[in-house]
Amino acid sequence: MLLHELLTPSSVLCGLEGGSKKRILENAAEIISEQHPDMSSSSVFNGLHSREKLGSTGIGDGIAIPHCRLAECTEAKGYLVKLDTPIDFDAIDGKPVDLLFILIVPEDSTSEHLATLASVAELFSQEEARTKLRESQDSHSLYETLCELSAA
């Protein structure tokens, strides 16, 4: 599955506020739950937070890929988040994070989950892609940019 197939314009969040890793995950969980009422904000947050306890999903260069499997999730959901102010995410390179790709998948979708994570990591490993995403000033342009990058 291509990354842009996981996203809708409403799943791209530019300027999400938070100030800390925990608060960003809480805010994102609330938005995800509002858009997908079958998944409670507490189960989304707990899934993402539990995964972070195993080790940070901050992969370096200002990027994090929080992800989890949830029983309530019926199909993979992706959220692209651009923060106005980078936050400490315990990333492997120690740099603060300003771009996140949140991935939530059904509990039993192991191979799809891993393939999608690999696609996200590959895209965000490209400096040109990171730069273009960071240059986006609003959710619409951020969505368009990711669609162009992931379709290329």
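Throughout, numbering of the chain's residues begins at 1 and tracks the sequence. None of these values were measured; they are calculated from a predicted model.
Side-chain atoms of N46 and S43 form no donor-acceptor pair, as typed in the model, at a separation below 3.5 Å. Judged by distance alone, the side chains of S33 and S40 never bring a donor and an acceptor atom under 3.5 Å apart. One side chain, Q35 or Y79, offers a donor N or O that lies under 3.5 Å from an acceptor on the other.
Note on L103 and L123: same hydrophobic cluster, where clusters join Ile, Leu, Val, Met, Phe, Trp and Tyr whose side-chain heavy atoms are under 4.5 Å apart, directly or indirectly. Hydrophobic clustering of Ile, Leu, Val, Met, Phe, Trp and Tyr side chains at less than 4.5 Å, counting indirect connections, keeps L48 apart from V12.
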For this session: Check the pair E26 / R23 against salt bridge (Lys or Arg N to Asp or Glu O under 4.0 Å), numbers first and verdict last.
Result: CA-CA 5 Å; E26 288 172 339; R23 190 68 190 131; 2.9 Å; yes
Exercise. Taking it one step at a time, do R134 and D98 satisfy salt bridge (Lys or Arg N to Asp or Glu O under 4.0 Å)?
Worked result: CA-CA 8 Å; R134 288 184 172 119; D98 65 340; 2.8 Å; yes
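Comment: K77 engages E75 in a salt bridge, judged by a side-chain N to carboxylate O separation of less than 4.0 angstrom. Checked for salt-bridge contact, D88 and K21 miss the test: no charged N lies under 4.0 Å from a carboxylate O.
The two atoms that bring N27 and G18 nearest to each other are ND2-CA, 3.9 Å, heavy atoms only. Heavy-atom minimum distance, P66 versus F89: CG-CZ, 4.0 Å. For the pair L7 and G78, the tightest heavy-atom approach, listed with the atom from each and the gap, is CD2-O, 3.1 Å. When all heavy atoms are compared, the tightest approach of Q137 to S141 is N-OG, 3.3 Å.
At least one side-chain heavy atom of H67 sits less than 4.5 Å from a side-chain heavy atom of L117. Within the 4.5 Å cutoff, the side chain of I32 has heavy atoms near those of the I102 side chain. Counting heavy atoms from C-beta on, the side chains of I65 and L100 never come closer than 4.5 Å.
To the nearest 0.5 Å, atom CG of residue L133 and atom CD of residue E128 are 10.5 Å apart. One finds the CD atom of E30 at 9.5 Å from the CG atom of L16 (value rounded to the nearest 0.5 Å).
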